[in-house]
Amino acid sequence: MSAQAQMRALLDQLMGTSRDGDSTRQRIKFSDERVCKSHLLNCCPHDILSGTRMDLGDCLKVHDLALRADYEIASKEQDFFFELDAMDHLQSFIADCDRRTDIAKKRLADTQEEISAEVAAKAERVHELNEEIGKLLAKAEQLGAEGNVEESQKVMDEVEKTRVNKREAEEIYRNSMPASSFQQQKLRVCEVCSAYLGLHDNDRRLADHFGGKLHLGFIEIREKLDELKRLVAEKQEKRNQDRLKRREERDREERDRLKKRSKSRERHRHRSRTSSQDRKKRTRSRSREKRHPQQTQSGSRSRSHSHHRSRDRSRDRSSREKSSRDKERSSHNRSSRDRSRDRERRHKKRSCESNGKSEGRSSEEFEAGEI
């Protein structure tokens, strides 16, 4: 890749598809089905194993660093749950790799000479020490490339100890087999990348394998798969909890609505019962008024003034006392008036009698004069 292409890829990775006015690149979005979700999460096997013995070639879906940058920016505000798609992709790839490993193991079992279980265990021990030496050498080279010389030297010391253990294991394995059989090359299939390993491979060959891009690429893919499984499980658990919480909130809101509805219905029933009772009372009162209008009026007046009876009683007592006093006064006045009338009558009667007597005497005198 030229320097210009590297610079363009770096700008795409940093700024996304919006860094220039290229409308052709902006026609597709990172959420499109044609875009590789594993590439957006930086775990596509086509990228990781590129340039190795198991180079898979170009991916069938779109790979674009600018789209990855767009996804990284958008994922800070929204969860697109692309981890599930990437997990399915890696699971399918690792399943194919494991299937190839099983086929290689079966082929080796068919082609190599049969050995006893005890000898196979001793050979397995030699393979394990070879694998440990290869990993330590690869680690020491990486530390040396990073400039960490002291740590690299410590790892090389561990390599020397492991080499001693390997020589002892090889001696035990050689003594348990005939010389002709021991000279035969015994192979083993790597459990990580399904490559063939020899029992008598030297340290350089082992270091090249365990520190190579193919083996490390498969380790990266398997670690990414484990991380995706963990993330998917956590997000699914969180989604289930959120879904359960929303369901509980909906149920609580529904219960509250039902309670409010029942209360409103109860109030409506109470108002309807009260209004019906009032209508019945008014109907009965009208019927009583039609049958006994005067009694009804007096009864209604007495009922309407029932709450004032206590005050009315006191007022009645005071009015009765006042009326009794008034009656006494009026009776006294009446008796005095009657006595005065009687005196007047007697006086008039006396005056009339005296006038009659005088008139009788005068008439008698007049008659006597005439005679």
Using modelled atom types only, decide if a donor and an acceptor are shared between the side chain of Thr52 and the backbone of Lys213 within a distance under 3.5 Å. no

In the structure I gave you, are the side-chain heavy atoms of Cys43 and Ile221 within less than 4.5 Å of one another anywhere? no

So, taking the atom named CE in Met87 and the one named CG in Asp226, what distance separates them when rounded to the nearest 0.5 Å? 11.5 Å

Can you confirm whether more than 12 heavy atoms, excluding those of Lys235, are under 6.0 Å from its NZ atom? yes

How long is the straight-line distance from NZ of Lys224 back to CG of Leu231, given to the nearest 0.5 Å? 9.5 Å

For a salt bridge (charged side-chain N to carboxylate O under 4.0 Å, His left out) check, start with the C-alpha distance between Arg125 and Glu132, then their side-chain angles and the critical distance, and finish with the verdict. CA-CA 11 Å; Arg125 176 59 181 166; Glu132 186 176 354; 5.7 Å; no

State whether a side-chain donor-acceptor pair under 3.5 Å links Arg205 with Asn202. no

Under a 3.5 Å cutoff, is there a donor and acceptor pairing between the side chains of Asp58 and His46? no

Please check if atom CD in Glu254 has more than 12 non-hydrogen atoms from other residues, nucleotides or ligands closer than 6.0 Å. yes

Which value, rounded to the nearest 0.5 Å, describes the distance between Met54 atom CE and His215 atom NE2? 13.0 Å

Please indicate whether Arg34 has more than 12 foreign heavy atoms, meaning atoms of other residues, nucleotides or ligands, lying under 6.0 Å from its CZ. no

Does Arg239 count as lying over the ring of Phe81, i.e. NZ or CZ under 6.0 Å from the six-ring centre, within 45 degrees of the axis? yes

Is there a donor-acceptor pair closer than 3.5 Å between any side-chain N or O of Ser262 and the backbone N or O of Leu258? yes

Rounded to the nearest 0.5 Å, how far apart are CZ of Arg188 and CD of Glu131? 5.5 Å

Is atom CG of Leu60 surrounded by more than 12 heavy atoms (other residues, nucleotides or ligands) closer than 6.0 Å? no

Over 60° means perpendicular and under 30° means parallel, so tell me whether Phe93 and Phe218 are parallel, tilted or perpendicular. parallel

Quick one: pull up CG in Leu216 and CZ in Phe210 and give me the separation to the nearest 0.5 Å. 10.5 Å

Please determine whether salt bridge (charged side-chain N to carboxylate O under 4.0 Å, His left out) holds for the pair Arg246 and Glu253, giving the CA-CA distance in whole Å, both sets of side-chain angles, and the decisive distance to 0.1 Å. CA-CA 10 Å; Arg246 289 193 298 269; Glu253 291 176 358; over 6 Å; no

Any donor-acceptor pair under 3.5 Å linking the side chain of Ser264 with the backbone of Arg261? yes

Nearest 0.5 Å, what's the SG-CZ distance between Cys97 and Arg100? 5.0 Å

More than 12 non-hydrogen atoms from neighbouring residues, nucleotides or ligands closer than 6.0 Å to CD on Glu150, yes or no? no

